[in-house]
**Q** 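Once you've had a glance at the structure underneath, I'll fire off some questions.
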Amino acid sequence: MKLTPAMETLIAELVKLPTIGRKSAQRLAFHLLRAKRDDALALARAIERMRETVRFCAQCGNIAEAERCGICSDPSRDPSLICVVEEVTDLVAFERPGSFRGLYHVLGGCLSPLHGVTPEKLAIAPLMERLRSGSVREVIIATNPSVDGEATALYLAKLARPLGVRVTRIGMGIPIGSSVEFADEITVQKALEGRREIEG
Amino acid sequence: MSLIKTDALVLKVGDYSESTRLVTLLTPDHGRLRALAKGVRRIRSRDRGALEPFSRVHVTLYLKDPSGLGTLRESAILSTPSALRSDYHRWLLASLVFEVLDRATLPATDLHTLFDLVCAYLDELNATPRPVEATLAVLAALLEWHGFRPDFTCCGVCGGGEPFAGFRVDKCSVVCGRCAGGSHFLSLPPGTLKAFEHLASAGIRGLESLRLSGLQLDQICSLLVALLQYHLEITLTTARMLHV
Ligand SMILES: [Zn+2]
Ligand SMILES: [Zn+2]
């Protein structure tokens with residue numbers, strides 16, 4: 001049965017969200033209809049505000065509400081240590097244990113020519129720019145332990161090593177073929193502590 | 001709806017949704033298949049590690065129709081070339097070969113020869129001290145498998161004999177000095193043409209006696225990429241990453 005046009009429009013938008021099917025979307029739409037008017041509108045306003053204020057940090061690619069993100073503009077963080085991740089969600093995973101005090105660099109994925117991802121498609125040039133500044137002592141490459149993630153790590157190491165920067169790779173613990181995003185706090189911390197120099 | 005149990009090579013793995021991955025497989029009996037693998041990104045997934053590009057796997061999948069999207073039920077890893085995890089260059093070479101397999105039009109059945117060729121190549125790539133030579137040899141074999149055999153016997157334009165000045169990509173043949181030129185012509189020294197001829201006929205395991213310079217390898221690689229792109233009507237993204 002078709003609902004009213006406004007309900008159908010909302011359901012059509014909700015269905016676009018991950019893991020939301022038609023049934024769940026309909027349930028959410030009715031929930032929002034029955035909820036207090038202010039609560040329902042607060043959600044709409046939160047989405048609008050998020051889209052208008054959140055952007056990407058000009059230095060590291062993390063989400064930010066200013067030119068620099070909260071991590072890059074935190075004076076207590078160590079700018080000589082950079083942890084390179086594929087996605088912002090990976091950064092979130094590394095932040096969860098709260099023990100890493102360096103900065104990050106978000107690549108925007110990993111090398112995958114079969115999916116059209118060449119080095120130019122990733123934030124590799126801005127990373128090298130940061131490494132060339134001379135203030136970075138160590139770069140920890142925390143791309144996923146997939147075969148493409150490993151290749152990306154090796155590629156970055158090849159570029160970074162001539163710049164006199166120590167290049168390390170996160171240790172084992174995150175299973176091959178899995179991803180940083182889904183690792184628990186202890187695994188992520190162990191991976192950071194167990195990092196080793198990339199040879200080659 | 002049919003249930004398929006088969007060996008397969010994982011050509012590529014992409015994200016389909018948050019927890020589902022889209023896997024492209026090369027199989028000996030069912031051509032190239034695409035299947036959804038649910039929940040495999042999670043740490044505790046039983047399938048972890050099995051669905052990686054370049055891995056040889058045994059899979060069970062449901063398929064509604066051969067051209068459609070299957071659903072992966074089980075997968076077990078049979079072998080994976082571990083050298084690709086520690087050697088960027090080998091990974092790049094394997095990516096080039098797999099991109100050809102992913103892009104080129106393939107028949108829906110009987111890819112046994114092709115499948116065995118690629119399996120042998122991966123084993124070789126994992127161990128050989130000559131990964132570039134092995135890759136060029138397998139690319140030449142792929143070209144021939146698709147029906148394009150480079151001709152080294154006489155000029156592809158006038159039929160004349162040696163000396164040859166280079167190669168015509170569109171004719172898939174050497175050409176003489178009088179017929180040289182044009183947009184499909186690649187000027188190549190006789191030594192490189194001889195080396196290419198040897199490489200194209202030696203097979204991926206007959207390369208021990210071959211001694212090629214870096215320049216010759218580059219020239220043959222460019223020529224093979226041009227031949228594959230022209231005759232199979234594909235664009236190879238990996239090729240752009242080879243010379244950096
Ligand atoms: Zn930042
Ligand atoms: Zn001629």
**Q** Using side-chain contact (heavy atoms from CB on, under 4.5 Å), reason through A:L107 and A:L156 one step at a time and then give a plain yes or no.
**A** CA-CA 11 Å; A:L107 290 173; A:L156 293 176; 3.9 Å; yes

**Q** Hey, which of B:L106, B:L228, B:L114, B:T105 is the one that makes side chain to side chain contact (heavy atoms under 4.5 Å, CB included) with B:H146?
**A**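 By the side chain to side chain contact (heavy atoms under 4.5 Å, CB included) criterion, B:H146 pairs with just one of B:L106, B:L228, B:L114, B:T105: B:L106.
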
**Q** Less than 4.5 Å apart, any side-chain heavy atom of A:V188 and any of A:F100?
**A**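 They are not in contact (no side-chain heavy atoms under 4.5 Å apart), so the answer is no.
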
**Q** Name the member of A:T118, A:L114, A:D148 that forms the most heavy-atom pairs with chain B at distances under 4.5 Å.
**A**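 Result: the option with the highest number of such pairs is A:L114.
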
**Q** Can you confirm whether more than 12 heavy atoms, excluding those of A:R132, are under 6.0 Å from its CZ atom?
**A**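 Enclosed.
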
**Q** Just checking, any donor-acceptor pair under 3.5 angstrom between side chains of B:T24 and B:R32?
**A**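 Their side chains do not contain a donor-acceptor pair, so the 3.5 Å distance test is not met.
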
**Q** Using the salt bridge (charged side-chain N to carboxylate O under 4.0 Å, His left out) rule, collect all pairs that involve residues 75-98 of chain A, keeping only residues at least two apart or in two chains.
**A**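 Residue pairs with at least one partner in residues 75-98 of chain A: A:R77-A:E95, A:D78-A:R137.
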
**Q** For residues 8-39 of chain A, give me every residue with a non-hydrogen atom less than 4.5 Å from any non-hydrogen atom of chain B.
**A**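 Against chain B, the residues of residues 8-39 of chain A that fall inside the cut-off (heavy atoms, under 4.5 Å) are A:P18, A:T19.
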
**Q** Name the orientation class of the two ring planes belonging to A:Y155 and B:Y88 (parallel below 30°, tilted from 30 to 60°, perpendicular beyond 60°).
**A**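 Tilted, since the angle between the ring planes falls between 30° and 60°.
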
**Q** Please name the pair of heavy atoms, one in A:I198 and one in A:T168, separated by the smallest distance, quoted to 0.1 Å.
**A**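 A:I198 and A:T168 have their closest heavy atoms at CG1-C, 4.1 Å.
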
**Q** Considering only heavy atoms, which portion of B:R90 lies under 4.5 Å from any heavy atom of chain A: side chain, backbone, both, or neither?
**A**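 B:R90 has no heavy atom closer than 4.5 Å to chain A.
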
**Q** Give the member of A:P113, A:S112, A:A157 that has the highest number of heavy-atom pairs under 4.5 Å with chain B.
**A**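 The option with the most such pairs is A:P113.
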
**Q** What part of B:T80 gets within 4.5 angstrom of chain A, counting heavy atoms only: side chain, backbone, both, or neither?
**A**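 When you check distances to chain A, no heavy atom of B:T80 falls under 4.5 Å.
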
